[in-house]
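Contents: one structure, followed by commentary.
Letters go in sequence order (proteins before strands), and every chain restarts at 1.
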Amino acid sequence: MTPAYSVEDLVLTYPGQDRPAVDAVSFTIAEGEVFGLLGDNGAGKSTVVRQLVTLLRPTSGRVALFGVDVATDPGLVSRKVGYMPQSSAALNRLTAAESVYFAAHLRGLSRRDARRERDELLGLWGVDEVAGRSSARLSGGQRRLLQLAVAMAGRRPVLILDEPTNDLDPVRRKHVWSVLRQRNAELGTTIVLVTHDAVEAEKAIQRVGILRRGRFTAIGTPAELRRGIEGSLRVELAFPPGDPPALPAGVTPREAGEGRWLLLLDHADAGALVARLDPATTDIRLSSTTLEDLYLHYAA
Amino acid sequence: MPPEALPAREQLLDLVLIQFSNLRWAWTSMVLTGVLMPVLMTLSFGAMADRGSDDVTAVLCGSVVLSLMFQNQNNVASNFAYMKAMGTLDFLATLPVRRHLLVVATVAAFFALSLPSVVVTAALGALVLGVPLSLSPWAVLVLPLCALPLAGIGAIVGITARTPEAAGSVSVLVSLVLVFLGPVLIPASRLPGWVLATSHLSPATYAASAVRQVLAGPVTARLALDLAVLAGVCALSLWWVGARLPWRQG
């Protein structure tokens with residue numbers, strides 16, 4: 001099957017810069033997949049995404065959408081992709097209702113269908129109560145939810161969301177991931193997420209690319225990425241401050257607060273640690289490595 | 001499955017409505033300042049001119065040109081600079097919208113906003129300065145053709161300036177140069193030769209001539225030249241801004 005996106009050797013060097021912001025990046029995103037782009041600030045995530053939506057022209061390399069080179073048909077992206085930019089001021093001073101309506105109508109829905117979709121999406125994202133308010137007067141969180149509604153308007157087969165949970169409280173963040181999972185499952189929408197919130201993103205992402213200084217340091221499913229690191233078990237230890245437990249040789253803990261350690265161990269080391277656990281240890285938790293662990297490992 | 005893009009006329013209508021919707025929060029203050037500036041120019045310059053002379057006609061028509069050309073140019077420059085800074089241009093570029101239609105829609109919305117200023121300036125100026133108005137049907141063509149060329153230049157200033165503040169400064173500078181380097185507010189008979197020579201390069205000169213003919217008469221063969229120049233500058237500036245607008249990259 002033709003992938004939704006196919007990116008080959010993408011390079012982008014900004015004018016006046018010696019080092020490329022994006023350096024020989026290649027990846028594919030399957031149709032119906034939820035793909036996450038993770039990385040620190042300045043890692044090149046938004047630069048990659050802006051090339052996916054043709055807002056930046058690559059210095060070299062190729063981006064194909066459903067098998068068609070976007071450089072030969074830049075209008076293709078606008079017909080297939082719903083894009084949510086990072087800037088939450090992009091909607092200017094339209095009301096929430098107008099923002100969704102115009103996006104839906106300009107994306108080809110009839111006026112009647114655009115009105116219906118406007119009402120559905122405002123309700124879905126919980127911003128129907130501020131439908132008549134200028135987007136400039138919404139709170140940061142409301143504006144972010146409105147942007148999600150706008151990106152979804154017009155039912156594009158691909159959604160590209162740049163930092164969709166910025167400015168949102170935990171309840172709303174949870175709602176975002178839930179709606180995106182549902183959209184992906186029910187409509188088969190391909191979703192590309194840019195985020196540095198690995199903990200939250202784990203709830204939705206099926207495959208992930210971790211960027212560091214414009215290059216992928218890892219790309220694959222979380223399970224594949226787990227296999228690439230030594231410790232596949234996450235062990236959290238709590239102990240009285242100043243009285244840490246003994247650790248297997250060669251294991252370096254990561255501080256996770258006062259009197260708390262976080263360890264990534266293979267099964268044998270984790271077993272050995274548990275077997276001779278110091279009685280002073282007040283708490284121990286074992287789980288699989290999280291996306292955040294993978295992110296911290298590969299982005300470091 | 002919805003169609004992938006709208007026909008051009010529907011895109012244009014939506015974009016004009018979007019611009020009007022954006023302007024609704026500030027239109028009263030924009031219209032008010034748009035009216036005040038040319039009216040004050042008319043009254044102050046008119047007070048220095050002899051009643052019944054060509055000078056007062058020049059002042060009145062020059063003030064109408066100010067309303068049409070420079071107010072639009074400054075507003076359009078600010079609007080494009082703001083859309084660029086806020087990411088609105090990027091967002092619109094990812095919708096199936098033609099970039100030239102966005103330019104035309106923006107210019108059209110601001111042109112509509114400048115019409116009250118034209119009417120008030122012409123009516124009040126005629127009343128206070130005693131200029132007999134002789135409105136020609138050609139005004140329907142002349143008024144938009146006066147507004148569009150400099151609105152296009154305003155859009156170019158807006159998208160090329162680094163910040164909205166820089167766009168505002170450059171646009172005002174362009175306005176000042178074009179107003180005073182030609183027979184716009186000041187009649188040609190009072191200008192030095194070198195200014196008259198350079199004025200042929202300014203679209204404001206042709207706009208002032210055209211406005212004078214369609215508001216105070218008589219309409220002469222010169223109007224054809226004025227309209228041709230204005231249409232040419234309009235086409236050139238709108239094409240240029242459309243080509244330079246940060247948009248989808250092919």
A/Q86 and A/S46: side-chain donor and acceptor closer than 3.5 Å? yes

- Query: Got a sec: does the CD of A/E129 have more than 12 other heavy atoms crowding it under 6.0 Å?
  - Reply: no

Practice problem: Using a strict cut-off of less than 4.0 Å between a Lys/Arg side-chain nitrogen and an Asp/Glu carboxylate oxygen, indicate whether A/R155 and A/D113 qualify as a salt bridge. | Solution: no

ask   = Do the rings of A/F216 and A/F35 sit parallel, tilted or perpendicular, given the 30° and 60° boundaries?
value = perpendicular

Checking heavy-atom separations under 4.5 Å from chain A, one finds in residues 157-176 of chain B none

Applying a strict 4.5 Å limit to non-hydrogen atoms, the region of A/T95 in contact with chain B is both

Task: Non-hydrogen side-chain atoms of B/T94 and A/S78 separated by less than 4.5 Å - done: no

Side chains of residues 8-19 of chain A: which donor-acceptor pairs under 3.5 Å do they make with residues two or more places apart or in other chains?
residue, atom, partner, partner atom, Å
A/Y14, OH, A/T47, OG1, 3.2
A/R19, NH1, A/R213, O, 3.4

Neighbour count >12 (heavy atoms, 6.0 Å) for atom CZ, A/R137: no

Heavy-atom side-chain contact between A/E163 and A/T195 under 4.5 Å
yes

Exercise for review: Indicate whether the side chain of B/T106 and that of B/N79 have a donor and an acceptor atom separated by less than 3.5 Å.
Suggested key: no

Against chain A, residues from residues 22-31 of chain B with at least one heavy atom under 4.5 Å, in numeric order, are B/N22, B/R24, B/W25

Quick note, side chain to side chain donor-acceptor pair (under 3.5 Å) partners involving residues 138-148 of chain A, not counting sequence neighbours, are A/S139-A/Q142, A/R144-A/Q147, A/R144-A/D167

Per-residue tally against chain A (heavy atom, under 4.5 Å) across B/V97, B/L15, B/L17, B/T88 peaks at B/T88

